[in-house]
Amino acid sequence: MNPPQKIILEGKQILRFSCAETNAPVVYLHTYQEEGTAVLAQCEGLNCPPFHLVSVSGLRWEEELSPWPHPPVLSNRDHFTGEAEDYAACLTEKILPWAEKQLSPSCRILAGYSMGGLFALYAPFVTGAFSKVAAVSGSVWYPGFVPYVQSHQTVKPLQAVYLSLGKLEPRTRNRYLRQTEACMQALLDHYRQQSIPAVFESNPGNHFQDAPLRIAKGIAWMLNNAR
């Protein structure tokens with residue numbers, strides 16, 4: 001990878017890590033804090049094929065990544081305002097053109113952790129820019145999300161879906177978080193019924209354990225599972 005290029009767009013920190021192959025896939029990654037460097041180190045250990053990485057952080061996490069407004073779920077400080085469709089437009093109309101200058105990627109992969117993973121699964125319903133998605137410890141417990149996926153069509157058919165979760169994540173008193181694994185299974189079944197290559201991977205630990213490695217595993221599976 002070349003040294004990253006950095007820009008601030010719409011208040012978000014964007015880092016582009018480019019490989020030598022201009023037509024390699026581009027992975028757009030959303031995490032709470034910038035983790036591109038750590039993720040790339042893990043990807044190297046997994047012998048990933050060449051790809052470009054665009055790391056996006058500094059988001060208004062609950063606001064811009066939630067698909068529709070909802071009252072607090074995890075704590076009284078929750079602020080789910082449902083701005084994901086607007087952010088998807090920002091991603092495709094402003095971030096993507098900057099990131100892909102002088103590139104001609106063979107495909108675009110959208111990946112994210114936690115709420116970023118939820119957004120990765122939601123975005124294909126409002127944009128056709130991404131052909132593969134990875135929801136790593138994704139917040140698929142978000143109220144109404146699974147029924148939404150089951151009853152709506154993506155803008156373009158997806159080519160692959162990766163889902164993962166820590167084994168300890170559903171072990172909680174919160175009635176929404178307890179449903180996370182069941183939600184993942186329902187999504188896996190739905191994508192497979194649509195003849196979309198999909199996998200669910202269970203990882204050791206809770207929601208906060210080994211995030212860069214979990215993301216790298218999702219990227220590796222996406223790069224190695226193409227139609």
Side-chain angles (χ1 to χ4, degrees), residues 9-13 28-35 56-95 110-127 129-130 133-155 158 161-191 200 202-203 205-209 211 214-215 218:
L9 280 174
E10 301 292 316
K12 298 155 187 59
Q13 177 176 282
Y28 288 84
L29 172 64
H30 292 84
T31 55
Y32 188 74
Q33 296 178 323
E34 204 293 304
E35 294 192 79
V56 185
S57 58
L59 294 135
R60 292 182 295 112
W61 192 245
E62 295 173 349
E63 293 86 350
E64 291 182 297
L65 300 182
S66 54
W68 43 78
H70 197 276
V73 172
L74 306 178
S75 77
N76 292 331
R77 297 186 299 275
D78 290 348
H79 196 225
F80 300 120
T81 55
E83 300 173 40
E85 184 171 358
D86 290 340
Y87 172 63
C90 173
L91 175 62
T92 56
E93 295 170 10
K94 298 182 179 181
I95 296 174
L110 185 58
Y113 202 89
S114 191
M115 288 293 291
L118 176 70
F119 175 76
L121 296 177
Y122 171 74
F125 291 97
V126 295
T127 175
F130 306 96
V133 295
V136 182
S137 288
S139 303
V140 297
W141 48 262
Y142 198 82
F145 185 69
V146 170
Y148 177 88
V149 172
Q150 293 170 331
S151 61
H152 289 72
Q153 294 291 325
T154 55
V155 174
L158 289 170
V161 176
Y162 177 89
L163 306 168
S164 74
L165 192 67
K167 292 181 179 179
L168 299 180
E169 292 191 58
R171 300 183 186 180
T172 173
R173 295 180 180 179
N174 185 284
R175 65 187 182 95
Y176 292 99
L177 297 184
R178 281 203 308 267
Q179 301 170 11
T180 306
E181 187 170 2
C183 290
M184 286 281 186
Q185 187 61 53
L187 290 170
L188 179 67
D189 293 344
H190 170 76
Y191 291 122
F200 169 68
S202 182
N203 294 295
N206 60 24
H207 185 68
F208 303 99
Q209 184 170 328
R214 292 184 189 181
I215 295 167

Enumerate, atom names and distances included, each donor-acceptor pair closer than 3.5 Å involving a side-chain atom of residues 177-188, sequence neighbours excluded.
from	atom 1	to	atom 2	distance (Å)
Arg178	NH1	Arg173	O	2.6
Gln179	NE2	Arg175	O	3.1
Thr180	OG1	Leu177	O	2.7
Gln185	NE2	Asp189	OD1	3.0

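Contact of the Arg214 side chain with the Ser137 side chain is registered, since non-hydrogen atoms from C-beta on lie closer than 4.5 Å. For the pair Leu91/Leu110, a side-chain contact is recorded, criterion being any heavy-atom separation below 4.5 Å from C-beta on. At a threshold of 4.5 Å between non-hydrogen side-chain atoms, the residues His190 and Val149 count as touching. Within the 4.5 Å cutoff, the side chain of Val133 has heavy atoms near those of the Pro124 side chain. Two residues are said to be in side-chain contact when any heavy atoms from C-beta on lie closer than 4.5 Å; Gln33 and Ser57 fail this criterion.
Of all heavy-atom pairs spanning Ala120 and Ala134, the tightest one is CB-O, 3.7 Å. The heavy-atom pair separating Pro67 from Leu118 by the smallest distance is CD-CD2, 3.7 Å. The two residues Ser151 and Pro147 make their nearest non-hydrogen contact at OG-O, 2.8 Å.
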(request) Assess whether side chain to side chain contact (heavy atoms under 4.5 Å, CB included) is satisfied between Leu29 and Ile215, documenting all intermediate values. (result) CA-CA 9 Å; Leu29 172 64; Ile215 295 167; 3.7 Å; yes
(request) Run the numbers on Glu64 and Lys12 for salt bridge (Lys or Arg N to Asp or Glu O under 4.0 Å), then give the verdict. (result) CA-CA 11 Å; Glu64 291 182 297; Lys12 298 155 187 59; 3.0 Å; yes
(request) May I have the step-by-step check of side chain to side chain contact (heavy atoms under 4.5 Å, CB included) for Val161 and Leu121, ending in yes or no? (result) CA-CA 8 Å; Val161 176; Leu121 296 177; 4.1 Å; yes
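Aromatic rings of Phe145 and Tyr122 (six-membered ring for Trp) have centroids beyond the 6.0 Å cut-off, not under it. With ring centers used as reference points, Tyr113 lies 6.0 Å or more from His30.
Annotation: the span from Leu9 atom CG to Cys90 atom SG amounts to 7.0 Å, rounded to 0.5 Å. Here the CD atom belonging to Glu10 is positioned 11.0 Å from the CG atom belonging to Asp86, to the nearest 0.5 angstrom. Of the inter-residue distances, the one linking Leu65 atom CG with Phe119 atom CZ reads 6.5 Å to the nearest 0.5 angstrom. The structure places OH of Tyr191 at 6.5 Å from CG of Leu158, a figure rounded to the nearest 0.5 Å.
Using modelled atom types and a 3.5 Å distance limit, the side chains of Glu63 and His79 yield a donor-acceptor pair.
Partners of Ser164 by side chain to side chain contact (heavy atoms under 4.5 Å, CB included), not counting sequence neighbours, listed by chain and number: Val136, Tyr162, Glu201, Asn203. Listed by chain and residue number, Tyr148 satisfy the ring pair (Phe, Tyr, Trp, His ring centres under 6.0 Å) test with Phe125 (two or more places apart in sequence, or in another chain). Every side chain to side chain contact (heavy atoms under 4.5 Å, CB included) that Tyr32 has, sequence neighbours left out, goes to Trp61. Residues passing the side chain to side chain contact (heavy atoms under 4.5 Å, CB included) test with Ser66 are Phe80, Met115, Tyr142, sequence neighbours excluded. Here Pro143 pairs with His70, Val73, Trp141, Tyr176 under the side chain to side chain contact (heavy atoms under 4.5 Å, CB included) rule; sequence neighbours left out.
A donor-acceptor pair under 3.5 Å is formed between the side chain of Asp78 and the backbone N or O of Ser75. In this structure a side-chain-to-backbone donor-acceptor pair under 3.5 Å is present from Thr127 to Ala129.
Comment: Glu83 engages Arg60 in a salt bridge, judged by a side-chain N to carboxylate O separation of less than 4.0 angstrom.
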